[in-house]
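Report on one structure; see the data block that follows.
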Amino acid sequence: MPTVTAANLLLAPAASQLSSLTSIRGSITPLSLTATDLNENQTKAKKQVLSCPICYDMLIWNGDPVFSVDSTPRFILECSTCKKAYSGNETHLDLTITSGSKKSDGYMPASSELFRLPLVSFMYERGWRQSFSILGGFPGPEKEFEMMNDYLKPVIGGRIIDASCASGMFSRLFAKSGLFSLVVALDFSETMLKRCYGFVKQERNISQEKLILVRADIARLPFASSSIDAVHAGAALHCWPSPSGGVAEISRILRPGGVFVATAHIVDGPYSRIPFLSPIRKAYRHISGSHVCLSESELKDMCSNCGLVNYTYVRNRRFIMIAARKPN
């Protein structure tokens, strides 16, 4: 029988970890969990992850859900405290404050509205994201996925959120890897989530039972505090109206030891010496609702101010990947 080491168990998906542990200990005793008990416990744990974005209290499900791309949008949820109802929208579960309402979301920054346009969602994987490699030094989704795996090793087997997932490039990579018990593709744009759903259905090697699509506001994440193992935000920080507000929410939902990893555009070096750059950035942010990062230290300070530690980063031209974790 092959030797099973602690390192192997760390890198293995949850299901194979259970199999390996069983082979080490021999036959399962009557006190051990059966497969049915394990599935029920996993479903119960997943249900407790989602929470009301208004009061952050537990949501009551109108049934016993099977978490998957197709099943989750069919359910209606209700907050146990404020009684606000949330429902699915064909392709995703809507957990925004305005869920179920015919009213619009009110004023939204231009950067947020841009990514809700059908044309932008259509073009995102047809040239938009690829331009980041040419203009900004982004390595590309597959290479970025490899780079972040070193940061994510401590949380393999846990739950990961792909925040501002757009058309789901990384959500699909996370799901196909089999490294996580639950992958949440999260975005504010309905059109991006519909595009993500379409891409997921086209791929046959994705485990749709461990992937759900959720519409949510990065400033009011619908997850219980300390319930998520990892959050990824790919090329997203600069699009958030308040990056620090988003990172503060991410810090809230991460469990102790949980990991935050993100990529962003950064404008420093010769660009930082442009006259009146700070007021120009302020005016641009006011109009567009997006944020231009002028130094790596801004990102480090943002993580630190939001309670995250062990900050690290890698750079390539305008591309930067950062990682930090929530203290144990």
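- Minimum interatomic distance between Pro139 and Ser133 (heavy atoms only, all atoms of both residues): C-OG, 4.2 Å.
- Within the 4.5 Å cutoff, the side chain of Pro141 has heavy atoms near those of the Leu173 side chain.
- How far OG1 of Thr96 is from CD of Glu190: 8.0 Å, rounded to the nearest 0.5 Å.
- Cluster annotation: Tyr56 is not connected to Leu77 through the hydrophobic network of ILVMFWY side chains, with a link wherever side-chain heavy atoms come within less than 4.5 Å.
- The neighbour count for Lys300 NZ, taken as heavy atoms of other residues, nucleotides or ligands under 6.0 Å away, does not exceed 12.
- By the 4.5 Å heavy-atom criterion applied to side chains, Leu221 and Ile161 are not counted as neighbours.
- The backbone N or O of Arg255 sits nowhere less than 3.5 Å from a side-chain atom of Ser226 that would complete a donor-acceptor pair.
- Ring planes of His265 and His238: perpendicular class, angle over 60° (limits at 30 and 60°).
- Counting heavy atoms from C-beta on, the side chains of Leu152 and Ile160 come closer than 4.5 Å.
- Shown here for Asp229 and Arg159, the closest heavy-atom pair between the two residues is OD2-N, 2.7 Å.
- Placement of Met58 and Ile76 in two distinct hydrophobic clusters is found when ILVMFWY residues are connected by side-chain heavy-atom separations under 4.5 Å, directly or transitively.
- No donor-acceptor pair closer than 3.5 Å links the side chain of Asp94 to the backbone N or O of Ser99.
- Residue Cys55 comes nearest to Thr81 through the heavy atom pair SG-CB, 4.1 Å, listed as atom of the first residue, atom of the second, then distance.
- Remark: Arg215 is positioned above the aromatic ring of Phe188, its terminal NZ or CZ atom under 6.0 angstrom from the ring centre and at most 45 degrees off the axis.
- Closest of all the heavy-atom pairs between Ile206 and Ala175 is CG2-CB, 3.8 Å.
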For a quick test of your reading: what N or O donor-acceptor pairs under 3.5 Å do the side chains of residues 164-172 make, sequence neighbours left out?
residue : atom : partner : partner atom : Å
Ser164  : OG   : Trp240  : NE1          : 2.8
Ser167  : OG   : Glu125  : OE2          : 2.6
Ser171  : OG   : Asp162  : OD2          : 2.6
Arg172  : NE   : Glu203  : OE2          : 2.9
Arg172  : NH1  : Glu125  : OE2          : 3.1
Arg172  : NH1  : Ser167  : O            : 3.0
Arg172  : NH1  : Gly168  : O            : 3.3
Arg172  : NH2  : Glu125  : OE1          : 3.0
Arg172  : NH2  : Glu125  : OE2          : 3.3

Carefully, step by step, assess Leu95 and Leu59 under the rule side-chain contact (heavy atoms from CB on, under 4.5 Å).
-> CA-CA 11 Å; Leu95 293 180; Leu59 293 172; 4.2 Å; yes
Stepwise side-chain contact (heavy atoms from CB on, under 4.5 Å) check, Phe145 with Ser177 | CA-CA 10 Å; Phe145 179 74; Ser177 73; 3.8 Å; yes
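- The two residues Ala216 and Pro222 come nearest to each other via the heavy atoms CB-CD, 3.5 Å.
- Residue pairs meeting the side chain to side chain donor-acceptor pair (under 3.5 Å) criterion with at least one partner in residues 83-92, sequence neighbours excluded, are absent.
- Proximity of Val120 to Met192: side-chain heavy atoms (C-beta onward) are separated by under 4.5 Å at one or more points.
- Under the side-chain hydrogen bond (donor to acceptor under 3.5 Å, both in side chains) criterion, Glu296 pairs with Tyr311, not counting sequence neighbours.
- Here the closest heavy-atom approach between residue Asp57 and residue Cys79 is recorded as CB-SG, 4.2 Å.
- Using a 3.5 Å distance cut-off with no hydrogens or angles, the side chains of Arg252 and Ser225 do pair a donor with an acceptor.
- Counting heavy atoms from C-beta outward, Arg315 and Ile320 have side chains that approach closer than 4.5 Å.
- Between Phe75 and Trp61, the ring planes lie perpendicular to each other; the angle is over 60°, past the 30° to 60° tilted range.
- When hydrophobic clusters are built by joining Ile, Leu, Val, Met, Phe, Trp and Tyr residues whose side-chain heavy atoms come closer than 4.5 Å, directly or via intermediates, Leu135 is not grouped with Trp128.
- Atom NZ of Lys201 has more than 12 heavy atoms from other residues, nucleotides or ligands within 6.0 Å.
- Ile212 and Phe199 fall into different hydrophobic clusters, defined by Ile, Leu, Val, Met, Phe, Trp and Tyr side-chain heavy atoms under 4.5 Å apart, directly or through other members.
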